[in-house]
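Please read the structure below before turning to the comments.
Naming: A, B, ... by sequence-line order, numbering from 1 per chain.
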Amino acid sequence: MPELPEVEVVRAGLAPAVRGARVASVTVFDARSLRRHPGPSEDFVERMTGRTLQSAVRRGKFLWFPLSLRGPEPEALVAHLGMSGQVLLRDRQADDALTRIRLDLDHPELGPLRLNFVDQRIFGSMAIDALLPTADGFSGGFGGAGLLGAPAAVAGAGAGAGAVAGAGTEAIAGAGEAEATGEAEGAAEALAAAADNTFAAVIPSQVAHIARDPLDPAFDDALFFRRLAARKTGIKRALLDQTLISGIGNIYADEALWAARLHYDQSTAGLSRPRARLLLAEIRSVLRRALGEGGTSFDAQYVNVNGASGYFSHSLNAYGQHGNACPRCGRAIVRERFMNRGSHFCVFCQRLR
DNA sequence: CGTTGGCCCTGATCGC
DNA sequence: TGCGATCAGGGCCAAC
């Protein structure tokens, strides 16, 4: 369900609450939500209890929370919301329906807190995972140690406790302008940084295969265009492939394709470079606008950490608009089944060529 | 190898 | 009111 903007809203909301918070207790209500944890529930509970969460980091739709060291290997709590996951930040008494995992936290300034991991369909998960050096030497994701592996002391200045969502969304909105320069750090240096709790250039092993997202300053545009051109598939399938570009799901794929006037099954190989550039620009545009609106909510299925909805559903041009007029040309938006999902597009503006 | 179909799951909603 | 069918924003893996 949640795509990049929704997951970023959750990350930004959680960051001030988890930074420096100690895990007082863990309750696993449904072990299926630990499908990706390499061990039984008891192992998860034991290894989480007493640890301190260092920060909240995101790449694409994956979230992770670097943990205080216990043993030689740096680790993080990894969370993926799947189709229906939520992380709700509550007080210690709060109960939420469909809570699968609960973390009770003690925060040095905010006091006792409760994180309820709620997930109707159980496609989401939590897991403890090893942090490994990133392949390109840049920061593993957004929100960890700031831009390009800068020391946490510097990066943390703009995202201290209390900064809440504003800092995160602001910083990411300008992320596209940053240049990915500098030499890749060595693995040893990255691990040293991790041990020093900066967690600059590390990523959970489960997330290592996920491509950088288009709002990541280290996203390599030229590499994306090359890999896109090498694909022999339809453009929407490519956009949904998280190993090519991450963070895009069904909603924002349909929205970006509408904006770029591309049919969902347009072949990637036949895309001109200018068209691909336009598409990437529209992807960034729609993701940033959605982030500014707090994400897309259709019902209570997606909410921020406080249970509030986002407003971007009012700004959708294509997704879910079948039967309505195309805002650009006035003809009908239609919906077709594709990849076991709905694809929404304008038959006039987005023709297969 | 890259690509693709099938599958994992539950609960809300809708139509009969 | 009851009940079955349908639908949902994602990712993984086996099979081509």
**Under-4.0 Å side-chain N/O to phosphate OP1/OP2 contact, Arg121(A) with dC7(B)** = no
**Asked** Of the candidate nucleotides dG11(C), dA8(C), dG9(C), which contains the atom at the shortest distance from the side chain of Lys61(A)?
**Response** dG11(C)
**Item:** Distance-minimising heavy-atom pair for Gln86(A) and Leu81(A)
**Value:** N-CD2, 4.0 Å
**Message:** Counting only Watson-Crick pairs (N1-N3 plus N6-O4 or O6-N4) and G-U wobbles (N1-O2, O6-N3), all under 3.5 Å, who is the partner of dG9(C)?
**Reply:** none
**Phosphate OP1/OP2 of dT3(B) contacted by Arg231(A) side-chain N/O (<4.0 Å)** = yes
**Complete:** From CG of Asp119(A) across to P of dA8(C) the rounded distance in Å is 17 Å
**Item:** Separation of dG11(C) C1' from Asn340(A) CG (nearest whole Å)
**Value:** 13 Å
**Prompt:** Between dG9(C) and Tyr319(A), is there an OP1 or OP2 to side-chain N/O distance shorter than 4.0 Å?
**Reply:** yes
**Asked** Can you find a donor-acceptor N/O pair under 3.5 angstrom joining the side chain of Arg341(A) to the base of dG9(C)?
**Response** no
**Message:** In this structure, how many angstroms lie between the C1' atom of dG10(C) and the CD atom of Gln86(A), rounded?
**Reply:** 16 Å
**Asked** Under 5.5 Å between ring centres and under 30° between planes: true for Phe123(A) and the base of dG10(C)?
**Response** yes
**Complete:** Regarding the side chain of Glu3(A), the nearest nucleotide among dG11(C), dG10(C), dG6(B) is dG10(C)
**Message:** From C-beta outward on Arg100(A), which listed nucleotide comes closest to its side chain: dT4(B), dT10(B), dG10(C)?
**Reply:** dT10(B)
**Prompt:** Counting only side-chain N and O atoms of Arg35(A), is one of them less than 4.0 Å from OP1 or OP2 of dC8(B)?
**Reply:** no
**Item:** Side chain proximity check, Met126(A) to His37(A), heavy atoms < 4.5 angstrom
**Value:** no
**Request:** Search all heavy atoms of Leu244(A) against all heavy atoms of Ala238(A) and return the closest pair with its distance.
**Result:** CD2-O, 3.6 Å
**Message:** Just N and O in the side chain of Arg237(A): are any of them under 4.0 Å from OP1 or OP2 of dG5(B)?
**Reply:** yes
**Item:** Distance, P atom - from dC9(B) to dA14(C), rounded to whole angstrom
**Value:** 15 Å
**Prompt:** Reckon His209(A) has a side-chain N or O less than 4.0 Å from the OP1 or OP2 of dC12(C)?
**Reply:** yes
**Euclidean distance, atom CG of residue Leu240(A) to atom P of dG10(C) [Å, nearest integer]** = 7 Å
**Prompt:** In terms of ring plane angle, is the pair Tyr264(A) and Phe345(A) parallel, tilted or perpendicular, where the classes change at 30° and 60°?
**Reply:** perpendicular
**Item:** N or O in side chain of Gln120(A) less than 4.0 angstrom from dG11(B) OP1/OP2
**Value:** no
**Listed nucleotide nearest any side-chain atom of Asp299(A), set dA8(C), dG5(B), dG9(C)** = dG9(C)
**Asked** Think His80(A) has a side-chain N or O under 4.0 angstrom from the OP1 or OP2 of dG10(C)?
**Response** no
**Message:** If I take atom CZ in residue Phe29(A) and atom P in nucleotide dC9(B), what distance separates them, rounded to the nearest angstrom?
**Reply:** 21 Å
**Complete:** Any strand, both distances under 3.5 Å, Watson-Crick or G-U wobble: dC9(B) pairs with none
**Asked** When you compare dG11(C) with dA12(B), how far apart are their C1' atoms, in angstrom units rounded to a whole number?
**Response** 23 Å
**Prompt:** Hey, is CZ on Arg337(A) packed in by over 12 heavy atoms from elsewhere, all under 6.0 Å?
**Reply:** yes
**Message:** So, OP1 or OP2 of dG2(B): does either fall under 4.0 Å of a side-chain N or O from Thr233(A)?
**Reply:** no
**Message:** Over all strands shown, is Arg337(A) touching base, sugar-phosphate only, or nothing at heavy-atom distances under 4.0 angstrom?
**Reply:** sugar-phosphate
**Prompt:** Does Arg227(A) count as lying over the ring of Phe225(A), i.e. NZ or CZ under 6.0 Å from the six-ring centre, within 45 degrees of the axis?
**Reply:** no
**Asked** What integer distance in Å separates Tyr252(A):OH from dA8(C):P?
**Response** 17 Å
N/O donor to acceptor pairs below 3.5 angstrom from side-chain atoms of residues 305-322 of chain A, sequence neighbours left out:
| from | atom 1 | to | atom 2 | distance (Å) |
| --- | --- | --- | --- | --- |
| Ser313(A) | OG | Ser297(A) | O | 3.2 |
| Gln321(A) | OE1 | Asn324(A) | ND2 | 3.0 |
| Gln321(A) | NE2 | Tyr319(A) | O | 3.1 |

**Message:** Nearest whole Å is fine: how far is dG10(C) C1' from Ile122(A) CD1?
**Reply:** 15 Å
**Request:** Whole angstrom is fine here: how far is it from CG in Leu244(A) over to C1' in dT3(B)?
**Result:** 13 Å
